[in-house]
Asker: 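Mind having a look at this structure? Questions to follow.
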Amino acid sequence: MLRSVSAADTTSRPRKPCNCTKSQCLKLYCDCFANGEFCSNCNCNNCFNNLEHETERLKAIKTCLDRNPEAFKPKIGKGKEGESDRRHSKGCNCKRSGCLKNYCECYEAKIMCSSICKCVGCKNFEESPERKTLMHLADAAEVRVQQQTAAKTKLSSQISDLLMRTTPIISSGGGRLPYTFVTKEVLEATCECLLEQAKRAEQTHEPQEEAERMILEEFGHCLMSIISSAGKAKADCASINC
DNA sequence: GAGTTTGAAACT
DNA sequence: CAGTTTCAAACTC
């Protein structure tokens, strides 16, 4: 659900795993190979893009370079200092996507199509109303995800706050939990989570039934979170013998 | 998850 | 070079 597009982690790069079956990951069809990387954590079959097949791999690289000496150079003319020379080196050749789907290499790289493109029916240019609408939708979706994440973070922090400062009521009573966990703060944070989920459902135009299901499920998550924290607190309490 | 659509890469 | 096929990913249902 949460796509990790974090450009921040420079140390480990969880390059998206490929699923090649026929290319042996030795053709440019394979994204790993095309990016000059070995396959790692991929789902490919019969993969030759690794150290065990170094000779074949080198041969394949040579073949690609023979065909196109630029094959392994970045396709986007680098976005240095936010400069506008961010354009696709070859341009796209889209026919049916309007260049507003990820099939289009320009659109995928979040850049406008340019004069070097040979696309038909292109809607991927600055003034394109279709493009603007799409961008706004994407922005809104991103904000939505951020808000939902924030709500969840808040809930768990409210809970952990409780663990720090609440006092036990009665620790006896069979399976009774030792603290009053459903405080005003936890309640509010939970409601925020549910509200965010509702907004999310609304935004993706879920039918009412599905929206209700999503919200209930979110409530379940919140509840589990509260209960497991409470249970943990009780266990801690017991071990300290309080 | 299965099936369809898409356009780059590969091939002729 | 243009036309066709192959391929893996994006997308849809």
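Chain letters run A, B, ... following the sequence lines, proteins first and then strands; every chain starts at 1. When reading the values below, keep in mind they use all heavy atoms of this one structure, side chains included, and skip hydrogens, waters and symmetry mates.
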Asker: Output the rounded distance in Å from NZ (A:K90) to P (B:dA8).
Answerer: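 Rounded to whole Å, this separation is 8 Å.
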Asker: Give the nucleotide from the list C:dA8, B:dA10, B:dG7 with an atom nearest to the side chain of A:T21.
Answerer: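 The closest nucleotide is C:dA8.
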Asker: Please tell me if A:K95 has a side-chain N or O lying less than 4.0 Å from either OP1 or OP2 of B:dT5.
Answerer: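 No, A:K95 has no side-chain N/O under 4.0 Å of OP1/OP2 on B:dT5.
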Asker: Whole Å only: how far is the CG atom of A:L65 from the C1' atom of B:dA10?
Answerer: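 Going from A:L65 (CG) to B:dA10 (C1'), I get 15 Å.
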Asker: Given atom CG of A:N102 and atom C1' of B:dT5, what is their separation to the nearest angstrom?
Answerer: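 A:N102 atom CG is separated from B:dT5 atom C1' by 14 Å.
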Asker: How far does CG of A:N45 sit from SG of A:C20, to the nearest 0.5 angstrom?
Answerer: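 The CG atom of A:N45 sits 9.5 Å away from the SG atom of A:C20.
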Asker: Does A:K27 put a side-chain nitrogen or oxygen below 4.0 Å from OP1 or OP2 of C:dT5?
Answerer: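 Checking C:dT5 against A:K27, no side-chain N or O comes under 4.0 Å of OP1 or OP2.
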Asker: Figure out the CG/P separation between A:N43 and C:dA9, and round it to whole Å.
Answerer: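 About 9 Å, once rounded to whole Å.
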Asker: Specify the separation, in whole Å, of atom CG of A:L100 and atom P of B:dT6.
Answerer: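 Between P of B:dT6 and CG of A:L100: 13 Å.
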Asker: Going by an N to O cut-off under 4.0 Å, is there a salt bridge joining A:R131 and A:E126?
Answerer: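 A salt bridge is present here (some side-chain N lies under 4.0 Å from a carboxylate O).
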Asker: In whole angstrom, what separates A:N68's CG from B:dA9's P?
Answerer: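 The answer, rounded to whole Å, is 8 Å.
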Asker: What's A:K118 touching, base or sugar-phosphate or nothing? Going by heavy atoms closer than 4.0 Å.
Answerer: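 Nothing, no nucleic acid heavy atom in range.
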Asker: At under 4.0 Å, does any side-chain N or O of A:S23 touch on OP1 or OP2 of C:dA8?
Answerer: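 Yes, because at least one side-chain N or O of A:S23 sits under 4.0 Å from OP1 or OP2 of C:dA8.
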Asker: Return no unless some side-chain N or O of A:K22 is found under 4.0 Å from OP1 or OP2 of C:dC7.
Answerer: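 Answer yes for this pair, as a side-chain N or O of A:K22 is under 4.0 Å from OP1 or OP2.
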Asker: What's the CG-C1' distance between A:D31 and C:dA10, to the nearest Å?
Answerer: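 For the pair A:D31 CG and C:dA10 C1', the rounded distance is 12 Å.
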Asker: Do the rings of A:F72 and A:F33 sit parallel, tilted or perpendicular, given the 30° and 60° boundaries?
Answerer: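 Rings of A:F72 and A:F33: perpendicular, as their planes differ by over 60°.
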Asker: So, is A:S97 near the phosphate of B:dT5, with a side-chain N or O under 4.0 Å from OP1 or OP2?
Answerer: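 So the side chain of A:S97 is outside the cut-off, no N or O lying under 4.0 Å from OP1 or OP2 of B:dT5.
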Asker: Is A:N19 near enough to C:dA9 that one of its side-chain N or O atoms lies under 4.0 angstrom from OP1 or OP2?
Answerer: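 So the side chain of A:N19 is within the cut-off, an N or O lying under 4.0 Å from OP1 or OP2 of C:dA9.
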Asker: Judged by atom type as modelled, is there a donor-acceptor pair below 3.5 Å linking the side chain of A:N124 to the main-chain atoms of A:I111?
Answerer: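 Side chain of A:N124 to backbone of A:I111: a pair is present.
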Asker: I'd like to know if A:E192 pairs up with A:K199 as an ion pair, taking the criterion as any Lys NZ or Arg NE/NH1/NH2 lying under 4.0 Å from an Asp or Glu carboxylate oxygen.
Answerer: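 A:K199 and A:E192: not salt-bridged.
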Asker: Below 4.0 angstrom from OP1 or OP2 of B:dA10, is there any side-chain N or O of A:R67?
Answerer: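 Answer yes for this pair, as a side-chain N or O of A:R67 is under 4.0 Å from OP1 or OP2.
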Asker: Check every atom of B:dA8, B:dG7, B:dA10 against the side chain of A:L28 and return the nucleotide holding the closest atom.
Answerer: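 Looking only at heavy atoms from C-beta outward on A:L28, the closest nucleotide is B:dA10.
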Asker: Can you tell me the distance, in whole Å, between the CD atom of A:E105 and the C1' atom of B:dA8?
Answerer: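 Computing the A:E105:CD to B:dA8:C1' distance gives 6 Å.
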Asker: Within less than 4.0 Å of OP1 or OP2 of B:dA8, is there a side-chain N or O belonging to A:N93?
Answerer: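 Yes, because at least one side-chain N or O of A:N93 sits under 4.0 Å from OP1 or OP2 of B:dA8.
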Asker: Taking only side-chain nitrogens and oxygens of A:K75, does any of them come within less than 4.0 Å of OP1 or OP2 of B:dA8?
Answerer: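 The answer is no; no side-chain N or O of A:K75 sits under 4.0 Å from OP1 or OP2.
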